[in-house]
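These values consider heavy atoms only, across backbone and side chains, with no hydrogens, waters or symmetry-generated copies.
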Amino acid sequence: MSLYDDALRVLKGWSAPDTSQDQLRQTYLAHLETHPDAMWKACAEGHITGSALVVDPERGRVLLTLHKKLGMWLQMGGHCEPGDSSLAAAALREGVEESGIAGLTLLRPEPVNLDRHLTPCAWHLDVQYAAVAPPGAVEEISEESLDLRWFSYDEVADVADGSVRTLLARTRALL
């Protein structure tokens, strides 16, 4: 199955948690249907991206990256690559690459949230997952980050935008 076909399968089968998320899901599907290249950064009208919020439930904390280009505290994530077998695999790969933590596992195989946002390259139609850090995980900053830091769940509201706060709230509801 191609990455494009997997994205269609995931988004068609995903049970959105509310009406606004379902409307966004429909927007993503319409974009995919009109842009056969929607999985790739080259799609100038916007592309599907995958991200993973790295959580440590035992210690009640989340790992965020201070994004080099955007200057914002965000979850790990980014563009799909030709070697990605699925959206979930893309999100997990991004999580491992940007956190430096081997052994991350997805909290569940389905997305937790969708978020559409404008970036310097194009609209990102982000499919957001949650990844659980293994016990004793040690992070390592990547070249895509200015900083990498663990925040308690309560601290996230002070450093991150509404998208990250929503993703964290939806993730915590699943823990």
Side-chain angles (χ1 to χ4, degrees), residues 3 6-7 10 38-43 46-175:
L3 187 57
D6 179 70
V10 166
M39 300 307 300
W40 313 118
K41 185 178 181 179
C43 183
H47 35 269
I48 304 291
T49 57
S51 66
L53 181 69
V54 176
V55 295
D56 178 354
E58 289 184 15
R59 298 178 70 184
R61 62 186 188 159
V62 59
L63 184 65
L64 298 178
T65 179
L66 183 56
H67 195 278
K68 188 180 275 188
K69 292 181 182 176
L70 301 176
M72 299 170 62
W73 287 103
L74 301 170
Q75 75 277 6
M76 316 305 145
H79 298 107
C80 295
E81 296 181 1
D84 293 328
S85 59
S86 66
L87 272 176
L92 190 58
R93 174 189 50 75
E94 286 285 342
V96 170
E97 285 177 1
E98 293 185 11
S99 72
I101 299 174
L104 291 178
T105 57
L106 291 181
L107 179 61
R108 65 183 207 165
E110 300 84 22
V112 173
N113 194 58
L114 302 178
D115 184 70
R116 182 177 179 265
H117 50 271
L118 188 59
T119 71
C121 72
W123 282 100
H124 279 189
L125 287 73
D126 198 30
V127 181
Q128 301 176 326
Y129 292 81
V132 178
V138 177
E139 70 280 4
E140 183 177 325
I141 195 166
S142 77
E143 61 186 44
E144 294 184 38
S145 301
L146 294 173
D147 198 1
L148 190 64
R149 191 178 312 162
W150 289 101
F151 293 94
S152 72
Y153 295 152
D154 293 337
E155 292 174 319
V156 171
D158 295 331
V159 299
D161 69 3
S163 170
V164 176
R165 292 191 303 267
T166 298
L167 177 57
L168 176 58
R170 291 202 167 125
T171 297
R172 289 183 71 189
L174 296 170
L175 291 173

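Within the 4.5 Å cutoff, the side chain of Gln128 has no heavy atoms near those of the Pro111 side chain. The shortest side-chain heavy-atom distance between Val112 and Leu167 falls under the 4.5 Å cut-off. The closest side-chain heavy-atom distance from Trp40 to Pro82 is below 4.5 Å. At a threshold of 4.5 Å between non-hydrogen side-chain atoms, the residues Val127 and Thr49 do not count as touching. The shortest side-chain heavy-atom distance between Ile101 and Val138 does not fall under the 4.5 Å cut-off. Residues Ser99 and Leu104 meet the side-chain proximity criterion, which asks for heavy atoms closer than 4.5 Å. Looking at heavy atoms from C-beta onward, Leu87 lies in side-chain contact with Tyr129 at the 4.5 angstrom threshold. Residues Asp84 and Asp6 have side chains not in contact (no heavy-atom distance under 4.5 Å, counting atoms from C-beta outward).
Contact detail for Ser86 and Leu3: the closest heavy-atom pair is C-CD1, 3.3 Å. Across every non-hydrogen atom of Leu92 and Leu106, the tightest pair is CD1-CD2, 4.1 Å. The two residues Gly95 and Ala52 come nearest to each other via the heavy atoms CA-CB, 4.5 Å. Minimum heavy-atom separation, Leu63 to Met76: O-CE, 3.3 Å.
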With side chain to side chain contact (heavy atoms under 4.5 Å, CB included) as the criterion, how do Leu114 and Asp126 come out once you've worked through the C-alpha distance, each side chain's angles and the decisive distance to 0.1 Å? CA-CA 6 Å; Leu114 302 178; Asp126 198 30; over 6 Å; no
Please step through side chain to side chain contact (heavy atoms under 4.5 Å, CB included) for the pair Leu53 and Leu168, ending with a clear verdict. CA-CA 7 Å; Leu53 181 69; Leu168 176 58; 4.0 Å; yes
Apply the test side chain to side chain contact (heavy atoms under 4.5 Å, CB included) to residues Cys80 and Lys41: give CA-CA distance (whole Å), side-chain angles for both, the deciding distance (0.1 Å), then the verdict. CA-CA 8 Å; Cys80 295; Lys41 185 178 181 179; over 6 Å; no
Candidate pair His117 and Leu74, rule side chain to side chain contact (heavy atoms under 4.5 Å, CB included), full reasoning: CA-CA 12 Å; His117 50 271; Leu74 301 170; over 6 Å; no
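Listed by first and then second residue, the salt bridge (Lys or Arg N to Asp or Glu O under 4.0 Å) pairs involving residues 154-175 are Asp18-Arg170 (not counting sequence neighbours). Pairs passing the salt bridge (Lys or Arg N to Asp or Glu O under 4.0 Å) check and including a residue from residues 50-66, sequence neighbours excluded, read Asp56-Arg61. Counting only residues at least two apart or on different chains, the salt bridge (Lys or Arg N to Asp or Glu O under 4.0 Å) pairs with a member in residues 63-81 are Glu81-Arg93. The ring-ring contact (aromatic ring centres under 6.0 Å, His included) contacts involving residues 52-106 comprise His47-His79, Trp73-Phe151, His79-His124, where partners must be two or more places apart or lie in separate chains.
When the side chain to side chain contact (heavy atoms under 4.5 Å, CB included) test is applied to Trp123, the partners found at least two apart in sequence or on another chain are Arg116, Leu118, Leu125. The side chain to side chain contact (heavy atoms under 4.5 Å, CB included) check on Glu140 picks up nothing, with sequence neighbours excluded. Take Arg149 and apply the salt bridge (charged side-chain N to carboxylate O under 4.0 Å, His left out) test, not counting sequence neighbours, and it matches Asp147. Applying the side-chain hydrogen bond (donor to acceptor under 3.5 Å, both in side chains) criterion to Glu94, with sequence neighbours excluded, gives no partner residue. By the salt bridge (charged side-chain N to carboxylate O under 4.0 Å, His left out) test, Glu110 is found to be paired with Arg108, residues two or more places apart in sequence or in another chain being considered. With sequence neighbours excluded, the residues forming a side-chain hydrogen bond (donor to acceptor under 3.5 Å, both in side chains) with Thr65 are Ser145, listed by chain and number. Residues passing the side chain to side chain contact (heavy atoms under 4.5 Å, CB included) test with Ser85 are Ala89, sequence neighbours excluded. Taking Pro57 as the reference, Val55, Val132, Tyr153, Leu175 meet the side chain to side chain contact (heavy atoms under 4.5 Å, CB included) condition, with sequence neighbours excluded.
The backbone N or O of Gly77 sits less than 3.5 Å from a side-chain atom of Glu98, completing a donor-acceptor pair.
With rounding to the nearest 0.5 angstrom, the CD1 atom of Ile141 is 6.0 Å from the CG atom of Leu148.
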